[in-house]
S.K.: 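Please see the structure below; I have some questions.
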There are 2 protein chains.
Amino acid sequence: MYTIGQVSEMFHLPISTLRYYDKEGLFPDMQRQSGIRRFSDREIEALRVIECLKASGLEIKDIKQFMAWCSEGAATYSLRKELFETRRKAVEAEMKELQKTLDMINFKCWYYEKALADGSEENIIEMLPDKLPPAIQKYYDNAHK
Amino acid sequence: MYTIGQVSEMFHLPISTLRYYDKEGLFPDMQRQSGIRRFSDREIEALRVIECLKASGLEIKDIKQFMAWCSEGAATYSLRKELFETRRKAVEAEMKELQKTLDMINFKCWYYEKALADGSEENIIEMLPDKLPPAIQKYYDNAHK
DNA sequence: GTAATACCTAAACCTGACTTTAGGTCAAGT
DNA sequence: ACTTGACCTAAAGTCAGGTTTAGGTATTAC
């Protein structure tokens with residue numbers, strides 16, 4: 001059992017954020033002792049899942065829905081499983097997007113390195129798109145698909 | 001040369017967003033013809049870079065700074081290069097975060113699949129953390145590091 | 001000539017996720 | 001007794017990144 005201050009330190013989250021999560025219904029079963037929140041292992045695990053779902057791009061109101069399902073027991077296993085499968089697809093898509101972004105960034109890093117060495121961008125434009133170093137080719141392709 | 005409507009279709013961005021970007025200074029050199037914006041190749045390329053920098057997590061006001069550097073010519077090559085190198089680090093970090101998130105999601109998918117097969121979560125808790133299927137082990141480790 | 005389109009601006013509005021403020025309770029230490 | 005520290009609430013404020021609204025111009029289509 002932990003106080004809000006302890007949980008705040010454990011997760012490096014402001015107390016105000018924990019209270020906000022609680023107000024939004026993310027800890028539907030949290031107990032209180034004369035008004036004071038008691039975070040049990042259940043809430044600690046919930047918080048880990050909250051961070052995961054948030055990082056996957058899920059909104060607070062949908063995390064609330066998930067937490068409500070958790071309170072409902074075995075009847076919602078398949079809903080919960082489907083939610084995580086949808087999250088998996090979303091995260092995989094996001095990672096692909098980020099890989100494309102990284103490709104373009106790498107191209108730009110190469111580009112400015114060349115511009116710095118040349119003192120101008122002129123000849124870089126000229127050498128595109130056929131004379132690119134092979135390692136840079138895909139970044140260019142990606143950036144100009 | 002394109003009108004705002006054509007660019008809107010090319011990039012699948014609302015016209016209001018393009019005007020907002022312009023207002024925020026993201027197209028510092030855009031020309032107008034009797035009040036109407038003319039998007040040249042320069043602005044089209046700028047828009048590609050804007051999408052890249054946005055996807056990398058950069059804020060609009062910092063993208064504006066970058067676009068201003070582009071207008072200043074060769075004197076800012078190294079600033080621009082450093083910006084992209086910083087973006088590379090940020091994106092790489094974000095991808096690592098997303099991989100951890102994905103690991104936990106995969107664990108949860110496995111968990112609910114097992115819960116559904118068993119009809120209860122009881123025995124799953126019991127079989128943790130030593131008897132996990134090897135393919136799932138790292139997801140659990142990650143989720144409970 | 002008038003109606004439909006496509007463009008324009010300034011300013012207000014919106015959303016999600018918090019954070020801050022203002023005021024209050026309660027237990028422990030001095 | 002009284003101050004300190006950790007907790008509490010409701011409500012207002014903040015911020016980024018847009019979107020919507022209200023009113024206007026300019027060109028083409030009939």
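By convention in this document, chain letters (A, B, ...) are assigned in the order of the sequence lines, proteins followed by strands, and residues within each chain are numbered from 1.
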S.K.: Can you establish whether the number of heavy atoms outside B/E92 located under 6.0 Å from its atom CD is more than 12?
M.R.: yes
S.K.: Count the heavy atoms belonging to other residues, nucleotides or ligands that lie under 6.0 Å from CD of A/Q31, then report whether that count exceeds 12.
M.R.: no
S.K.: Quickly work out the A/D22 CG to D/dC8 C1' distance and round it to whole Å.
M.R.: 11 Å
S.K.: Between B/D22 and B/R32, is there a salt bridge with N-O shorter than 4.0 Å?
M.R.: yes
S.K.: Could you pull out the protein-nucleic contacts involving nucleotides 3-7 of chain D (nitrogen or oxygen on both sides, under 3.5 Å)?
M.R.:
unit_1: D/dC7; atom_1: OP1; unit_2: A/T3; atom_2: OG1; d: 2.9
unit_1: D/dC7; atom_1: OP1; unit_2: A/G5; atom_2: N; d: 3.2

S.K.: Using atom NZ of A/K23 as one end and atom P of C/dT19 as the other, report the distance to the nearest whole Å.
M.R.: 12 Å
S.K.: Under the side chain to side chain contact (heavy atoms under 4.5 Å, CB included) test against A/L102, which residue among A/M104, A/K100, A/Q99 passes?
M.R.: A/Q99
S.K.: Tell me, please, which residues at least two apart from A/T86 pass side chain to side chain contact (heavy atoms under 4.5 Å, CB included).
M.R.: none
S.K.: Listed in order of residue number, which residues of residues 27-34 of chain B have a non-hydrogen atom at under 4.0 Å from DNA chain C?
M.R.: B/R32
S.K.: Rounding to an integer number of Å, can you tell me how far A/K64 NZ sits from C/dG16 P?
M.R.: 13 Å
S.K.: Any chance CZ of A/R38 has more than 12 other-residue heavy atoms, nucleotides or ligands included, within less than 6.0 Å?
M.R.: yes
S.K.: Go along nucleotides 13-18 of chain D 5' to 3' and tag each nucleotide: B for a protein heavy atom under 4.0 Å from its base, S when only backbone or sugar atoms are that close, - otherwise.
M.R.: ----BB
S.K.: Sequence neighbours excluded, which residues qualify as salt bridge (Lys or Arg N to Asp or Glu O under 4.0 Å) partners of B/K81?
M.R.: B/E85
S.K.: Side-chain contact, heavy-atom cut-off 4.5 Å: B/Y112 with A/E82?
M.R.: no
S.K.: Is it the case that the ring center of A/F84 lies less than 6.0 angstrom away from the ring center of B/Y111?
M.R.: no
S.K.: For the pair made of CD in B/E24 and P in C/dT9, what is the distance, rounded to whole Å?
M.R.: 13 Å
S.K.: What donor-acceptor contacts under 3.5 angstrom involve side-chain atoms of residues 52-67 of chain A, with partners at least two apart or in another chain?
M.R.:
unit_1: A/S56; atom_1: OG; unit_2: A/L53; atom_2: O; d: 2.7
unit_1: A/S56; atom_1: OG; unit_2: A/R87; atom_2: NH1; d: 3.3
unit_1: A/E59; atom_1: OE1; unit_2: A/K61; atom_2: NZ; d: 2.5
unit_1: A/Q65; atom_1: OE1; unit_2: A/W69; atom_2: NE1; d: 2.9

